[in-house]
Amino acid sequence: MSLGKAVRSLVKPARGLLASSEPALKRSYAAVAEARAVLEHELDTIRAAGTWKAERIITSKQGPQINVEGSRGGILNFCANNYLGLSSHPEVVQAGIDALKTHGAGLSSVRFICGTQDLHKTLEQKLAEFHEREDCILYASCFDANAGLFEVLLGPDDAVLSDELNHASIIDGIRLCRAKRLRYKHMDLSDLEVKLKEAQSSRMRLVVTDGVFSMDGDVAPLRGICDLAEQYGAMVFIDECHATGFLGPRGRGTDELLGVMDRVQIVNSTLGKALGGAAGGYTVGPKPLIDLLRQRSRPYLFSNALPPPVVGCATRAVELLLASNEIAQSMTAKTMRFRNKMTQAGFTISGSSHPICPVMLGDARLASLMADDMLKHGIYVIGFSFPVVPKGKARIRVQISAAHTDDDIDRCVDAFIQTGRKHGVIS
């Protein structure tokens with residue numbers, strides 16, 4: 001056979017193959033185009049509702065004063081979870097640098113293979129000491145800690161009783177477990193008691209609540225919850241992401257604030273807020289539980305170990321809090337200064353005495369516009385709207401930091417007054 005015939009004999013079937021695949025390719029393109037149209041419609045709906053979440057770009061380190069792309073000069077930041085101002089604390093930063101030099105950038109492994117360093121064990125020991133619990137396990141985030149707990153602890157013969165406004169990560173974690181699920185009305189002890197009675201036939205009962213509910217800054221009634229739990233034979237779990245480090249006389253959290261540290265069995269919290277602000281979460285509690293989580297908790301088993309610089313930063317933050325409660329105690333006066341001045345100006349502030357100070361506005365578009373105008377006054381805040389908060393309950397969530405000065409707080413209040421008058425929120 002000539003070379004030309006050989007080529008033609010190969011090309012002809014190839015053309016047939018391509019021709020036969022054309023309908024499939026067209027269907028594939030059509031499916032992508034249809035999906036794209038659906039997604040664009042959904043995005044247009046979000047924009048039209050005024051709930052679009054734009055991401056501003058910060059060009060400096062995190063702190064009470066930041067630089068924001070498109071804005072001139074320093075901007076006062078009043079919406080970070082940097083409650084204690086430790087995100088850029090020189091000792092915390094240096095600890096991260098030291099850990100990077102001595103232990104590297106990362107482990108390239110999960111913990112049980114070759115991802116556990118002495119740094120990880122030291123941090124776990126210090127966190128257990130800080131919370132006065134038997135043991136601790138680290139996760140990549142507190143979302144992972146919540147996702148990894150309930151499936152391991154609870155089975156089909158058990159019951160979990162959850163506050164209806166618990167954080168999304170708690171809700172998702174509970175969905176993964178096979179326990180009987182009972183939701184009680186927000187911070188409603190009477191409804192919790194009804195649900196506990198309903199769960200009496202279960203092998204184990206676990207009451208689950210945020211210590212502090214992050215959108216409103218309200219504190220769970222832990223004394224009453226613990227009373228009911230003991231009366232009906234249940235354990236208590238709290239998520240302390242918005243309490244660890246600064247609530248309570250020594251900053252141990254909501255359970256210390258309300259005097260129930262020895263009555264709450266399991267605590268989940270984060271390293272990504274008050275404790276340096278980098279990343280990571282953890283569970284503290286009874287040692288048998290922590291041991292079982294190491295064996296079966298999927299986010300722990302299938303996620304890389306926390307990077308050494310993150311661990312170094314968090315360890316130093318915890319050491320600072322173990323050594324002194326001075327930073328934690330500075331929060332109360334600053335929080336009340338802002339709350340009192342804003343209330344006197346005519347604004348509605350949700351919650352009570354927590355550094356989360358939601359300025360309630362109701363309308364999503366109004367919250368977004370006011371936040372944009374606040375930036376023009378040199379104040380960085382963000383409007384929160386559905387689905388982060390319920391429809392009709394949009395707000396600007398202000399967060400006070402120990403790093404804010406009284407002058408910072410007064411500037412923020414003055415900007416709110418000017419912006420509030422412009423939009424008819426106050427007179």
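One finds no salt bridge joining Arg411 and Asp407 here, because no Lys/Arg side-chain nitrogen approaches an Asp/Glu carboxylate oxygen to under 4.0 Å. Between Arg337 and Asp406 there is a salt bridge, with a side-chain nitrogen of the basic residue lying less than 4.0 Å from a carboxylate oxygen of the acidic one. Using a cutoff of 4.0 Å between basic side-chain nitrogens and carboxylate oxygens, Glu124 and Lys121 are scored as salt-bridged. A salt bridge links Asp372 with Arg56: at least one charged nitrogen is closer than 4.0 Å to a carboxylate oxygen. No salt bridge links Glu164 with Lys185; every basic N to acidic carboxylate O contact stays at or beyond 4.0 Å.
For Arg178, the CZ atom sits in a loose shell: 12 or fewer heavy atoms of surrounding residues, nucleotides or ligands are nearer than 6.0 Å. Residue-environment remark: CZ (Arg36) stays at or below the threshold of 12 foreign heavy atoms within 6.0 Å. Within a 6.0 Å radius of CD in Glu326, no more than 12 heavy atoms belonging to other residues, nucleotides or ligands are found. Within a 6.0 Å sphere centred on NZ of Lys393, heavy atoms belonging to other residues, nucleotides or ligands number 12 at most. For Gln231, the CD atom sits in a packed shell: over 12 heavy atoms of surrounding residues, nucleotides or ligands are nearer than 6.0 Å. More than 12 non-hydrogen atoms from other residues, nucleotides or ligands lie less than 6.0 angstrom from CZ of Arg250. Environment of NZ in Lys391: sparse, with no more than 12 heavy atoms of neighbouring residues, nucleotides or ligands closer than 6.0 Å.
For the 3.5 Å distance criterion, the side chains of His103 and Asp118 qualify, holding a donor opposite an acceptor. Gln65 and Asn77 form no side-chain donor-acceptor contact under 3.5 Å, judged by distance and modelled atom types alone. Checked by atom type, the side-chain pair Asp414/His377 shows no donor-acceptor distance below 3.5 Å. No side-chain N or O of Asp373 forms a donor-acceptor pair with one of Thr419 less than 3.5 Å apart. Thr116 and Arg111 form a side-chain donor-acceptor contact under 3.5 Å, judged by distance and modelled atom types alone. Checked by atom type, the side-chain pair His242/Asp210 shows no donor-acceptor distance below 3.5 Å. Between the side chains of Ser87 and Asn82, a donor-acceptor pair is found at a separation under 3.5 Å. Defined by atom type and a distance below 3.5 Å, a donor-acceptor pair is present between the side-chain atoms of Tyr139 and Ser297. Side chain to side chain, Tyr232 and Glu193 meet the donor-acceptor criterion of an N or O pair below 3.5 Å. Side-chain contact of Thr405 with Asp408: a donor-acceptor pair under 3.5 Å is present, judged by distance alone.
Here CD1 of Ile137 is found 12.0 Å from CG of Leu127. Values are rounded to the nearest 0.5 Å. Considering CZ of Arg205 and CD of Glu198, their distance stands at 12.5 Å, rounded to 0.5 Å. Separating the OG atom in Ser401 from the CZ atom in Phe246 is a distance of 10.0 Å, to the nearest 0.5 Å. The distance from the CG atom of Asp163 to the CD1 atom of Ile171 is 9.5 Å, given to the nearest 0.5 Å. Distance check, rounded to the nearest 0.5 Å: OG of Ser368 to CH2 of Trp52 gives 12.0 Å. Ile66 CD1 to Ile75 CD1: the interatomic distance, rounded to the nearest 0.5 Å, is 7.5 Å.
A side-chain donor-acceptor contact under 3.5 Å links Asn340 to the backbone of Met336. A donor-acceptor pair is defined here as one N or O able to donate and one able to accept, closer than 3.5 Å; no such pair exists between the side chain of Asn325 and the backbone of Ala328. Gln265 places a side-chain N or O within 3.5 Å of a backbone atom of Val236 that can act as its donor or acceptor partner. His167 places a side-chain N or O within donor-acceptor distance of the main-chain N or O of Ser169, the cut-off being under 3.5 Å. Distance alone, capped at 3.5 Å, is enough to place a donor-acceptor pair between the Asp158 side chain and the Gly155 backbone.
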Asp239/Asn146 under side chain to side chain donor-acceptor pair (under 3.5 Å): CA gap, chis, key distance, verdict: CA-CA 8 Å; Asp239 180 311; Asn146 286 337; 2.9 Å; yes

Residues Asp218, His186; criterion side chain to side chain donor-acceptor pair (under 3.5 Å); working and verdict: CA-CA 10 Å; Asp218 44 2; His186 181 47; 2.9 Å; yes

Stepwise side chain to side chain contact (heavy atoms under 4.5 Å, CB included) check, Gln94 with Glu91: CA-CA 5 Å; Gln94 187 60 51; Glu91 292 185 38; 5.7 Å; no

Residues Asn67, Thr59; criterion side chain to side chain donor-acceptor pair (under 3.5 Å); working and verdict: CA-CA 5 Å; Asn67 296 327; Thr59 59; 4.7 Å; no

Step-by-step side chain to side chain contact (heavy atoms under 4.5 Å, CB included) determination, Tyr184 to Leu196: CA-CA 10 Å; Tyr184 64 92; Leu196 281 166; over 6 Å; no

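In this structure, His354 has its ring center at least 6.0 angstrom away from the ring center of Phe213. Here Tyr83 and His404 keep their ring centres 6.0 angstrom or further from each other. Here Tyr300 and Phe112 keep their ring centres 6.0 angstrom or further from each other.
With a 4.5 Å cut-off on side-chain heavy atoms, Met204 and Leu153 count as touching. A heavy-atom distance below 4.5 Å is not found between the side chains of Ile225 and Asp227. The shortest distance between side-chain heavy atoms of Leu271 and Thr244 does not fall below 4.5 Å. Here the side chains of Leu293 and Thr283 are in contact, with some heavy-atom distance below 4.5 Å. In this structure the side chain of Leu149 reaches within 4.5 angstrom of the side chain of Leu289, judged on heavy atoms. By the 4.5 Å heavy-atom criterion applied to side chains, Val359 and Thr348 are not counted as neighbours. Between Ile356 and Val398 there is no side-chain heavy-atom pair separated by less than 4.5 Å. For the pair Arg223 and Val260, the minimum side-chain heavy-atom distance is below 4.5 Å.
Minimum heavy-atom separation, Leu258 to Ala220: CD1-O, 3.3 Å. Residues Lys53 and Phe386 come closest through the heavy atom pair NZ-O, 3.6 Å. Across Cys79 and Arg397, no two heavy atoms sit closer than the pair CB-O, 4.0 Å. When all heavy atoms are compared, the tightest approach of Pro299 to Ser303 is O-OG, 2.8 Å. Across Gly312 and Ala99, no two heavy atoms sit closer than the pair CA-CB, 4.1 Å. Considering every non-hydrogen atom in both Leu107 and Gly115, the closest pair reads CG-O, 3.7 Å.
For the side chain to side chain contact (heavy atoms under 4.5 Å, CB included) criterion with Val160, the lone passing option out of Leu182, Leu154, Ile170 is Leu154. Of the candidates Gln125, Arg133, Lys126, Gln125 is the only one forming a side chain to side chain donor-acceptor pair (under 3.5 Å) with Glu129.
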